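Counting convention: from 1, in listed order, for ligands and their atoms alike. Keep in mind it's a predicted model, so treat the numbers as computed, not measured.
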Amino acid sequence: MINFKELSKKYKTPLYVYDFENIKKNYLELKDAFKARKSLVCYAVKANSNLSVLKLLAELEAGADCVSMGEVKRAMYAGIPKYKIIFSGVGKRDDEIEEAILRDILMINIESEAEFDRVELIAAKLEKSARISIRVNPDIDAKTHPYISTGLNENKFGVDTENAKKLYIRAKNSNYIEPVGIHFHIGSQLTDLKPIEEASSIVASMLRQLKVLDIDIKFFDIGGGIGIKYEDEETIKPYDYAQAVLATLKGTDVTVVCEPGRYIVGNSGYFLTSVLYEKENSSKRFVVVDGGMNDLLRPSLYKAYHAIEAVNAKGKTSKCDVVGPVCESGDFFAKDVELPKLKNGDLLVIKSAGAYGFTMSSNYNSRGRAAEVAIEEGNDRLIRRRENFEDLIRLEKEYL
Ligand SMILES: *Cc1c(COP(=O)(O)O)cnc(C)c1O
């Protein structure tokens, strides 16, 4: 058991705490589920890009799925080899494409015809060949929150199957584009296997059609998106996930690539925040805490549920909203949750905060970002110090 009270005394709040053993366990479980085939687990860096988290995964031989050159550089800095790095994302700048080609990463995931044109042009200018995969949009309803659903034609992501095929034929005939992968990613926080199975089957059938055209794809990239338990969701088991995908790939000899983010780190992280005071008006009880939406945005952005536990506080509970100090009505962590009477200094632990927590944090209201701590073999260590006032003004003060 992690001693949250002690950690909050030692490092102060607001604070992120990550259980590295749990990250390791999740990674190995998923990797193991695909053991019937060659596979590469490319961790989605955007979920939690702390260098120490990336280093832990690098040591476990994970690859990285990146959506900016900043993430590619982080992954490499932490020791993930270039040949295990994928560059995805719907909008890549020319200089990012150029650097991805020069750094010779595994592949660039192309999301549109216009992007294909840019990559080809830039590779030609460099007199290099760019390894690519194309993100196919299989037009599948992932049955998740609309903001994190990406597999329908109405979303901005990927290329429909007809156009994807045309692009592969262009790639085959290009001196500067080498098609090595095929990719799909239908959404995040997926809790239903069916849409993944359907998407995989559609994309696998395309893989076979490409083979007939003498386009030999080596990497079958199934994206990320496996959901975790935030409240009482039924989640997908890694074994079932792998079996469902592998069943669609009979008779092929591709390497399966997956890009899990949330699954690896989500339930391995906790956000610790201290109570400042309670406040009550005629209709509502508010618990005001020292963490805010700038630290953990998911409740504000997606109305996401995070379980909250009051450490040490006991007694009769009543309904309240847990709110932060930021000047927005959207600054809350929970609405109408049952908590005991709380006082200044009492500690709250917000669970399942390891993914899209710190990485989405900002300096809004000139609040320094929280510190991050790792728990490893029972020991705690700081992996990012708390931002101070000097950090906040560093890039501006010389222009006064
Ligand atoms: C966000 C994203 C992922 C990771 O999603 P999770 O839900 O965290 O697993 C993987 N691949 C791509 C292309 C993404 O955009």
Side-chain angles (χ1 to χ4, degrees), residues 23 26-27 29-31 33 40-50 53-54 57 62-68 70-72 75 84-92 100 105-112 115 132-138 140 142-152 155-159 181-193 195-196 199-200 203 219-230 233 235-236 238 241-242 245 256-269 297-298 301-302 304 352-360:
I23 294 177
N26 291 341
Y27 169 80
E29 238 168 50
L30 196 58
K31 177 70 187 164
L40 177 61
V41 177
C42 287
Y43 167 67
V45 172
K46 69 176 191 264
N48 185 325
S49 44
N50 184 287
V53 171
L54 298 180
L57 289 161
D65 177 53
C66 304
V67 291
S68 70
E71 288 189 354
V72 171
K84 289 184 183 171
I85 294 179
I86 303 172
F87 185 22
S88 308
V90 77
K92 305 177 188 76
I105 61 167
L106 177 59
M107 56 188 170
I108 299 176
N109 265 337
I110 286 183
E111 298 228 8
S112 65
E115 186 176 54
I132 62 115
S133 64
I134 289 170
R135 177 166 177 177
V136 180
N137 185 331
I140 292 283
K143 303 194 179 70
T144 183
H145 190 288
Y147 281 16
I148 49 177
S149 178
T150 56
L152 279 168
N155 301 123
K156 68 177 175 183
F157 300 98
V159 183
I182 190 163
H183 176 228
F184 65 92
H185 171 76
I186 58 171
S188 201
Q189 184 55 14
L190 308 175
T191 52
D192 187 353
L193 199 51
I196 301 174
S200 186
V203 179
F219 299 98
F220 189 80
D221 183 348
I222 62 175
I226 327 179
I228 60 167
K229 204 178 182 113
Y230 284 101
E233 301 91 335
T235 53
I236 298 168
Y241 177 62
V245 169
V256 175
V257 178
C258 61
E259 307 170 343
R262 191 188 313 270
Y263 178 79
I264 304 278
V265 290
N267 279 332
S268 309
L297 185 62
R298 298 188 71 258
L301 187 62
Y302 309 123
S352 314
Y356 307 104
F358 186 89
T359 49
M360 281 191 175

Proximity of Y356 to ligand 1 by residue part, where a heavy atom lies under 4.0 Å: side chain
R262, any N or O under 3.5 Å of ligand 1 N or O: yes
Contact check: S188 vs ligand 1, nitrogen or oxygen atoms, below 3.5 angstrom: yes
Nearest candidate to atom 2 (C) of ligand 1, where distance is taken over non-hydrogen atoms, out of E259, K46, E111: K46
Part of L190 with heavy atoms under 4.0 Å of ligand 1, whether side chain, backbone, both or neither: neither
Per-residue contact class, H185 against ligand 1 - non-hydrogen pairs under 4.0 Å: side chain
Partners meeting side chain to side chain donor-acceptor pair (under 3.5 Å) with Y263 (sequence neighbours left out): E29
Under 3.5 Å donor-acceptor, Y356 side chain and L297 backbone: no
Heteroatom proximity flag, P260 to ligand 1, N/O under 3.5 Å: no
Heavy-atom check, side chain of H183 versus side chain of E259, under 4.5 Å: yes
Sub-3.5 Å N/O-N/O distance, G261 and ligand 1: yes
Which atom of S49 lies closest to which atom of L54, heavy atoms considered: O-CD1, 3.7 Å
Contact check, side chains of T191 and Q189, non-hydrogen atoms, under 4.5 Å: yes
Heavy atom of A355, distance to ligand 1 below 4.0 Å: no
Nearest-contact summary for atom 9 (O) of ligand 1 - protein heavy atom, Å: G225 N, 2.7 Å
